[in-house]
Amino acid sequence: MDFSWSDEQLALRDSIVEFARKELNDDLEARDAASAFSRELWDRCASFGIQGMPFPVDHGGQGADTLTTVLALEALGYGCRDNGLLFSINAHMWSAAMPIWRFGTDDQKQRYLEGLCNGTLIGVQGMTEPDTGSDAFSLGTMARLDGNRYLLNGSKTFITNAPVADVFVVFASIDRSKGWAGLAAFLVDRGSPGLEVGQPFHKMGLRTSPMSSLFLTDCEVPVENVLGTPGSGMMIFQHSIEWERSFILASAIGSLQWQLDTSVDYARKREQFDQPISKFQSVSHRLVDMKVRLEAGRQLLYRLAWLRDNDLATPLDAAMVKLFLSENLVTSSLDALQTFGGYGYLTETGFEREVRDAIASRIYSGTSDIQRNVIARHMGL
Ligand SMILES: Cc1cc2nc3c(=O)[nH]c(=O)nc-3n(C[C@H](O)[C@H](O)[C@H](O)COP(=O)(O)OP(=O)(O)OC[C@H]3O[C@@H](n4cnc5c(N)ncnc54)[C@H](O)[C@@H]3O)c2cc1C
C-alpha cells in the first residue's frame, strides 16, 4: 500500500480546502440555530464536483478513485465547519448514488445518476422504520405487484435529506414468507402518488442536514423503478451500507485535523499561571491523544480506500473504520472543547456544535454496538 500523494492529488486537496473555507461557512451559527439546510451551499459543492467525485465521467461524475475521493472529502471536512451539509452530501453519495451506479439499469442511471452526480437531484436511502432500526431486515414495509407497478405500504423514519430529496432508495418486502430473500429496493420519486414526506425533525446536532419520516400509502412505484431484481434487496442494502460505513466519516478526518490544529494553536497562545497552557502536561497529553487518534483513524481510512480500489475490502474493515472514527470523533471533539475551557462552551467558538454533530456518528449507519457485533462475528466470537 502506498499513500504518497501525487502533485495532482495534493493540488485537488488544497483547492478543496480553499473552496470550503471561502464558500461553505457562511452564516453557520444562524443556520444551525434555525436547522436550515442550504441548497445554495449544496449547489456550490456540486459545481465543484464533490457529489460526483467517485462516479464515472460518462454518468456525470469526476471518475476519481476511492483514495482520491477520500482525500477530497477529508479536505472538505477540514475547510468546512458545516458538518450537517457534509453529512447530507455523504449520505447522498454512499446510500443513493452508489447503489444506483452499481445496481441500476442503463435507463435508471440515465434518469438518476447524472442528476445525483451534478447535484440537481438529491437522494438518500430509506431503510429504518419506527419499529426496526438495528434489526433492519425485519422491516414491515410491504410492496405488492399490481399490474406494471408496485404499491408500497409502510413508513420509514430518521431519513436524512428526506425534506429536500428528489429520489429515495426504499427497501420493502415483496414476500414476507421469504424473510430477507423477499426484500427489494425501489427508486421512489418525490411526488409519487401515495408518498408523504413528514415534518422535519428537530435534532441535537447535524442540524443543517434535514431529516424526516416517510409515509407510504399504496405508494405507486413503476416496475422499471425496482433497483436490481425483486428479492435482491438485502444484497443491495449490504453493499451500500458497507460503502456508507466505510466512508461516511471521511470528512471527519478533516474535522479532527481542524480541531487539533485549532486546539494546539490556542494552547500555545492561552496563558495561565504565567505560561502557555500547552506547557501543562495534562493539556499537552490531551493534544497528543487527539493527534494519535487522528493519525490512526486516517491510516485505517486510507487503508480501507485502498482495499476498496483493489476489490479487497470486507465488512470487517468497514465496521472497524466506522467504529474507530465515530468513537474517536466524539472523544476528540470533547477534548477540543475542554482545551478551550469556558470559551469552548460558547456557541461562537463552534466546539459545542462539533460535539453535538459528532454524537450522531455513533448511531447512524449502524450503532457502535452493531459495529462491535460485526467485528466480534468476524473474530469468531
Ligand atoms: C443522524 C442520523 C441519520 C440517519 N439517517 C438515516 C437514513 O438516511 N436512512 C435510514 O434508513 N436510517 C437513518 N438513520 C437511522 C439509523 O440507521 C438508526 O437510528 C440506527 O440503525 C439505530 O436504530 P434505532 O435508532 O432504531 O435504534 P435501536 O436499534 O432500537 O437500538 C437502540 C439501542 O440498542 C442497541 N442495540 C440494538 N440491537 C443491538 C444488538 N443486537 N446488540 C447490541 N446492542 C444493540 C443499539 O446499539 C442502541 O444503543 C439515521 C440516524 C441518525 C441518528
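Everything quoted here is computed from the prediction, not taken from an experiment. Numbering of ligands and ligand atoms starts at 1, following listing order.
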Residues Arg81, Asp357: salt bridge by 4.0 Å N-O rule: no
Kindly write out the residues that satisfy salt bridge (charged side-chain N to carboxylate O under 4.0 Å, His left out) with Arg111, not counting sequence neighbours, or none if the list is empty. Asp107
So, are Glu74 and Arg298 salt-bridged, with charged N and O less than 4.0 Å apart? yes
Can you check whether His59 reaches Leu116 side chain to side chain, under 4.5 Å on heavy atoms? no
The criterion is salt bridge (charged side-chain N to carboxylate O under 4.0 Å, His left out); which residues satisfy it with Asp317, sequence neighbours excluded? Arg303
Inventory of protein N or O atoms under 3.5 Å from ligand 1 N or O:
from, atom 1, to, atom 2, distance (Å)
ligand 1, 5 (N), Phe158, O, 3.0
ligand 1, 5 (N), Thr160, OG1, 2.8
ligand 1, 8 (O), Thr160, N, 3.1
ligand 1, 8 (O), Thr160, OG1, 3.4
ligand 1, 9 (N), Gln125, O, 2.9
ligand 1, 11 (O), Met127, N, 2.9
ligand 1, 11 (O), Thr128, N, 2.8
ligand 1, 11 (O), Thr128, OG1, 3.1
ligand 1, 12 (N), Thr128, OG1, 2.7
ligand 1, 14 (N), Phe158, O, 3.4
ligand 1, 17 (O), Thr128, OG1, 3.4
ligand 1, 23 (O), Ser134, N, 3.4
ligand 1, 29 (O), Ser134, N, 2.8
ligand 1, 29 (O), Ser134, OG, 2.6
ligand 1, 41 (N), Asn373, ND2, 3.4
ligand 1, 42 (N), Asn373, ND2, 3.0
ligand 1, 47 (O), Thr367, OG1, 2.7
ligand 1, 47 (O), Asp369, OD2, 2.6
ligand 1, 49 (O), Asp369, OD2, 3.4

Asp43: partners by salt bridge (charged side-chain N to carboxylate O under 4.0 Å, His left out), with sequence neighbours left out: Arg39
